[in-house]
Number of protein chains: 2
Amino acid sequence: MPPDVKDKATLHILQKSGLSKTPQRLAVLNILMNTVVPVNIKSIRQALESKISINRVTIYRILSLFKQHMIIREITSPGGNNYFELATMKNPVHPHFLCRKCAALSCLEPLTFSQANHWLTPDKDYSIENIEINISGLCASCRNATKLQKRSVKQ
Amino acid sequence: MPPDVKDKATLHILQKSGLSKTPQRLAVLNILMNTVVPVNIKSIRQALESKISINRVTIYRILSLFKQHMIIREITSPGGNNYFELATMKNPVHPHFLCRKCAALSCLEPLTFSQANHWLTPDKDYSIENIEINISGLCASCRNATKLQKRSVKQ
DNA sequence: TTAATTATTGCAACCAAGTTGCATTATTGG
DNA sequence: CCAATAATGCAACTTGGTTGCAATAATTAA
């Protein structure tokens, strides 16, 4: 492992999740840590090119792993061109703004939702054309199914 | 064109948008009109199978066309498994709920956003695990670029 | 109603994104 | 440092969506 990649903070994150410290993982994590806006896979691949030799399959596997360990969050975007961002406690879930023209994704304030009107009010900086709110979890029937299953296991 | 497909309401929608009335378009539109929940492409293809012989390319083209004419809305979903719903005036933009287990997408109330807390309050029916709010339009720089362009054209 | 014009569909081939299995290589822990 | 374990790279494959073009259907105006 080249020593210049051994960033303390980066290493610590992997350690905390019990993941082994490979140069590939450190490099990917580094990119996510040193960017202000969420990045899509294409950007990640480009950024990695100059830093390390890494197979595209490995990138997918690392991102998927990081997601599982809740190190990163994936932001769904039309056309499946998804973005990734670090999921630290200091960076809670928040709305995002996607520019139709330049496709840049920027973060909006993590407002409490009682203040939600705020980001709907016509804004000086953004012209809002579309709002997508997708909530996920378990629906009523799946939730009940899970409960019943647990109960029957107990008996 | 088989006469049984000639649904008045369906025909009217195409007419209003100035689109020619092909059996394929009518069939796709019919499915969108006779479903209560948004449907993904897979469901659309399955539903069409029993009704009409249609090429998969045609389905993509029709959906894309309907989107352009704002007859339908596309609901972005993780993994690019997107859903479609009719975009009538009686069916305004609203939040959606996606079940992690059965992948069913259901519509939530089109609340005014000052009431937004409502769908965040722990609910008896849904267990909310993830919330994605994606807003799109033009970012500040792209908006300015457009303005400047218009101005210079005028001169 | 018919014939010419125009638009839509079907087909085949293609492209890109993401995935899988397996051999090779690196990391970890003793 | 070495053995055991885990991650990476590679090649091939799958899936979703797109494109160009020929065949077919819908529209229009006579």
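The figures that follow rest on heavy atoms only: side chains count, while hydrogens, waters and symmetry mates do not. Naming convention: chains lettered A, B, ... in sequence-line order (proteins, then strands); numbering from 1 in each chain.
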Practice task
Examine dT27(D): is either OP1 or OP2 under 4.0 Å from a nitrogen or oxygen in the side chain of Lys21(B)? Give yes or no.
Solution key: yes

Practice task
Measure the OG-NE2 distance between Ser106(A) and His94(A) for me, rounded to the nearest 0.5 Å.
Solution key: 9.5 Å

Practice task
Side-chain contact test, heavy atoms from C-beta onward, threshold under 4.5 Å: evaluate it for Tyr60(A) versus Ile41(A) and give yes or no.
Solution key: yes

Exercise for the section: Let me know the distance between CG of Asn55(B) and P of dC21(D), rounded to the nearest Å. Expected result: 18 Å

Fill in the blank from the handout: Here the distance between atom C1' of dT9(C) and atom CD1 of Ile52(B), to the nearest Å, is 11 Å

Exercise for the section: Ignoring backbone atoms, establish whether Thr22(A) has a side-chain N or O less than 4.0 Å from OP1 or OP2 of dA7(D). Expected result: no

Handout entry: Phosphate contact (dG10(C) OP1 or OP2) by Gln24(B) side-chain N/O below 4.0 Å
Key = yes

Problem - Five-pair end axes of the helix from dT1(C)-dA30(D) to dG30(C)-dC1(D), angle between them (10°) - result: 40°

Exercise for the section: Give Arg25(A) one of three labels, base, sugar-phosphate or nothing, depending on what nucleic acid heavy atoms sit under 4.0 Å from its own. Expected result: sugar-phosphate

Handout entry: Atom pair distance, as rounded to whole Å: CG in Leu63(A) and P in dT19(C)
Key = 10 Å

Handout entry: Protein-nucleotide distance (Asn81(A), atom CG; dG18(C), atom C1'), rounded to Å
Key = 14 Å

Practice task
To the nearest Å, give me how far apart CD1 (Ile62(A)) and C1' (dT19(C)) are.
Solution key: 16 Å

Atom pairs under 3.5 Å, N or O on each side, protein against nucleotides 14-18 of chain D: can you list them with distances?
unit_1, atom_1, unit_2, atom_2, d
dG17(D), OP2, Tyr60(B), OH, 2.4
dG17(D), N7, Arg56(B), NH1, 2.9
dG17(D), N7, Arg56(B), NH2, 3.2
dG17(D), O6, Arg56(B), NH2, 2.6

Fill in the blank from the handout: Side-chain atoms of Arg61(A) come closest, of dG21(C), dG10(C), dA7(C), to dG21(C)

Handout entry: Donor-acceptor under 3.5 Å (Arg45(B) side chain, Arg56(B) main chain)
Key = no

Exercise for the section: Output the distance between atom CD (Glu85(A)) and atom NE2 (His96(A)), rounded to the nearest 0.5 Å. Expected result: 3.5 Å

Problem - Sidechain-backbone polar pair: Asn82(A) side chain, Ser77(A) backbone, donor-acceptor under 3.5 Å - result: yes

Problem - Any donor-acceptor N or O pair under 3.5 Å, side chains Asn40(A), Ser43(A) - result: yes

Practice task
Nearest whole angstrom, please: distance from the P of dG10(C) to the CG of Leu48(B).
Solution key: 11 Å

Practice task
Check the surroundings of atom CZ in Arg100(A): do more than 12 heavy atoms from other residues, nucleotides or ligands lie under 6.0 Å from it?
Solution key: yes

Practice task
May I ask you to evaluate whether Ser20(B) reaches the phosphate of dT8(C), defined as a side-chain N or O under 4.0 Å from OP1 or OP2?
Solution key: yes

Practice task
Return the value, rounded to whole Å, for the distance between atom CZ of Phe66(B) and atom P of dT8(C).
Solution key: 11 Å

Exercise for the section: Quick one: label Ser53(B) by what it contacts on the DNA or RNA (base, sugar-phosphate, nothing), any heavy atom closer than 4.0 Å. Expected result: sugar-phosphate

Fill in the blank from the handout: One should read off an interatomic distance between Leu138(A) CG and Leu98(B) CG, to the nearest 0.5 angstrom, of 10.5 Å

Handout entry: Between P of dT9(C) and CG of Leu26(B), the distance in whole Å
Key = 10 Å

Exercise for the section: Output the distance between atom CD1 (Ile62(B)) and atom CD1 (Ile54(B)), rounded to the nearest 0.5 Å. Expected result: 4.5 Å

Handout entry: Partners meeting side chain to side chain contact (heavy atoms under 4.5 Å, CB included) with Ser17(A) (sequence neighbours left out)
Key = Leu19(A), His69(A), Ile71(A)

